[in-house]
Novice: 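My questions will all concern the structure given below.
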Number of protein chains: 2
Amino acid sequence: MAHRTVSCGHRSPRPGLPDDPRARTAAPMPSCPVEITLHALRGRWTTLVVRELLRGSHTFSELGAVLPELSDKVLAERLRQLVEVGVVRRERLPGWPTTVRYRLTERGRTLGPVLQSLWDWGAANT
Amino acid sequence: MAHRTVSCGHRSPRPGLPDDPRARTAAPMPSCPVEITLHALRGRWTTLVVRELLRGSHTFSELGAVLPELSDKVLAERLRQLVEVGVVRRERLPGWPTTVRYRLTERGRTLGPVLQSLWDWGAANT
DNA sequence: CTGAATCCCTGCCGATACTG
DNA sequence: CAGTATCGGCAGGGATTCAG
């Protein structure tokens, strides 16, 4: 995030997965659930793009209009990243000029509570 | 952030703060609660260090022993970062050679649920 | 033991220009 | 409209060495 990479392995969370080996890794591991999530959100502008998508579907130019300081290149990078991790679905619409609609997948929508959690901690610690 | 940086402004979360202006920023802002949290966790190894501290207090060398591939330089960087954001308290112990104990602050302990949330999303989307 | 100082390498991201 | 190509700056982080 910022930043750069992340790490893995985190406290035996709840009774459900106390002995998950991924919670005891000695080094950052991409298979760690915490890493997976932070990897999905990683990079400047990423959470802002997700926020806008949570508000509804958007085309490439609509996203660019709402986030004017975000360059085309980075926006394309972020959307490709989010598609790769299964958070966003890309939908090419018929007609000319070409328009593309980006929608959150169901998996993407479940990022809402995660962002809420991040918001809450930051808001409580201003 | 992983990254690198992060972004700010996220959906009107709950009835409590629907009109928070930080949820409508057009660019990444350090004052955004989501940014604050991701900034605290930013950087490779950071969440692993927090995980170890959640398991109890540790000295510099103890943390290095549990995370053998983590270099002294980066460990010192991470601890300084966590102290800066108020997540960790540094405590110099008397005696020789110098030993230092790092403890999570109360604020740091509240990162538990946040990491849990990150874990849950990643675990549900493997 | 607990760091700080240095060097270097890599990857992010911004700006610009160009294409289908 | 929706991107790709290219370049350059800069910060992150690993290895090594040195200091209090």
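A, B, ... follow the sequence lines: proteins, then strands. Residue 1 opens every chain.
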Novice: State whether Thr59(B) places a side-chain N or O below 4.0 Å from either non-bridging phosphate oxygen (OP1 or OP2) of dC1(C).
Specialist: no
Novice: Measure from NE2 on His58(B) to P on dT2(C) and round the result to the nearest Å.
Specialist: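 Rounded to the whole Å, the gap is 13 Å.
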Novice: Between Arg89(B) (side chain) and Val83(B) (backbone), is there a donor-acceptor pair under 3.5 Å?
Specialist: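 Checked: no pair found.
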Novice: Could you state the CG-P distance from Leu70(B) to dG12(D), rounded to the nearest angstrom?
Specialist: 16 Å
Novice: Heavy-atom distance under 4.5 Å between the side chains of Leu111(B) and Leu104(B), does that happen here?
Specialist: no
Novice: Would you mind reading off the distance between Arg44(B) atom CZ and dA11(D) atom P, rounded to a whole angstrom?
Specialist: 21 Å
Novice: Answer yes or no: does a side-chain N or O of Arg92(B) lie under 4.0 Å from OP1 or OP2 of dC1(C)?
Specialist: no
Novice: Would you confirm whether Glu69(A), through its side chain, and Pro28(B), through its main-chain N or O, come within 3.5 Å as a donor-acceptor pair?
Specialist: no
Novice: Decide yes or no for Ser57(B) and Tyr102(B): does some side-chain heavy atom of the first lie under 4.5 Å from some side-chain heavy atom of the second?
Specialist: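 Not in contact.
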Novice: May I ask you to test the Val74(A)-Arg44(A) pair for a side-chain heavy-atom distance under 4.5 Å?
Specialist: no
Novice: Do the side chain of Thr37(B) and the main chain of Pro33(B) share a donor and acceptor less than 3.5 angstrom apart?
Specialist: yes
Novice: Quick check on the helix from dC1(C)-dG20(D) to dG20(C)-dC1(D): what's the angle between its two end axes, five base pairs per end, to the nearest 10°?
Specialist: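 The angle, to the nearest 10 degrees, is 40°.
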Novice: Any chance you could lay out the side chain to side chain donor-acceptor pair (under 3.5 Å) test for Thr46(A) and Arg78(A), step after step, and finish with the verdict?
Specialist: CA-CA 6 Å; Thr46(A) 305; Arg78(A) 291 295 167 263; 3.1 Å; yes
Novice: Measure CD/Glu69(A) against C1'/dA15(C) and give the value in whole Å, please.
Specialist: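 After rounding, the reported distance stands at 14 Å.
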Novice: Taking the side chain as every heavy atom from C-beta outward, state whether Leu70(B) and Val49(B) have any atom pair closer than 4.5 Å.
Specialist: yes
Novice: Please evaluate residues Glu84(B) and Arg80(B) with respect to the criterion salt bridge (Lys or Arg N to Asp or Glu O under 4.0 Å), reporting the C-alpha separation (whole Å), side-chain torsions for both, the decisive distance (0.1 Å), and the verdict.
Specialist: CA-CA 6 Å; Glu84(B) 271 182 24; Arg80(B) 186 156 21 90; 5.0 Å; no
Novice: Mind listing the residues from residues 94-103 of chain B sitting with a heavy atom below 4.0 Å of DNA chain C? Number order is fine.
Specialist: Pro97(B), Thr98(B), Thr99(B), Val100(B), Tyr102(B)
Novice: Give the residues of residues 72-91 of chain A touching DNA chain C, defined as any heavy atom closer than 4.0 Å, sorted by residue number.
Specialist: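 Nucleic-acid contacts, sorted: Lys73(A), Val74(A), Arg78(A).
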Novice: Taking side chain as C-beta onward, heavy atoms only, is Thr59(B) less than 4.5 Å from Val100(B)?
Specialist: no
Novice: Do any N or O atoms from the side chain of Gln116(B) and from the backbone of Pro113(B) form a donor-acceptor pair under 3.5 angstrom?
Specialist: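 Not confirmed, Gln116(B) side chain does not pair with Pro113(B) backbone.
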Novice: Which nucleotide wins on minimum distance to the side chain of Trp45(B), given the candidates dT2(C), dG14(D), dG14(C)?
Specialist: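 Selected nucleotide (nearest to the side chain): dG14(D).
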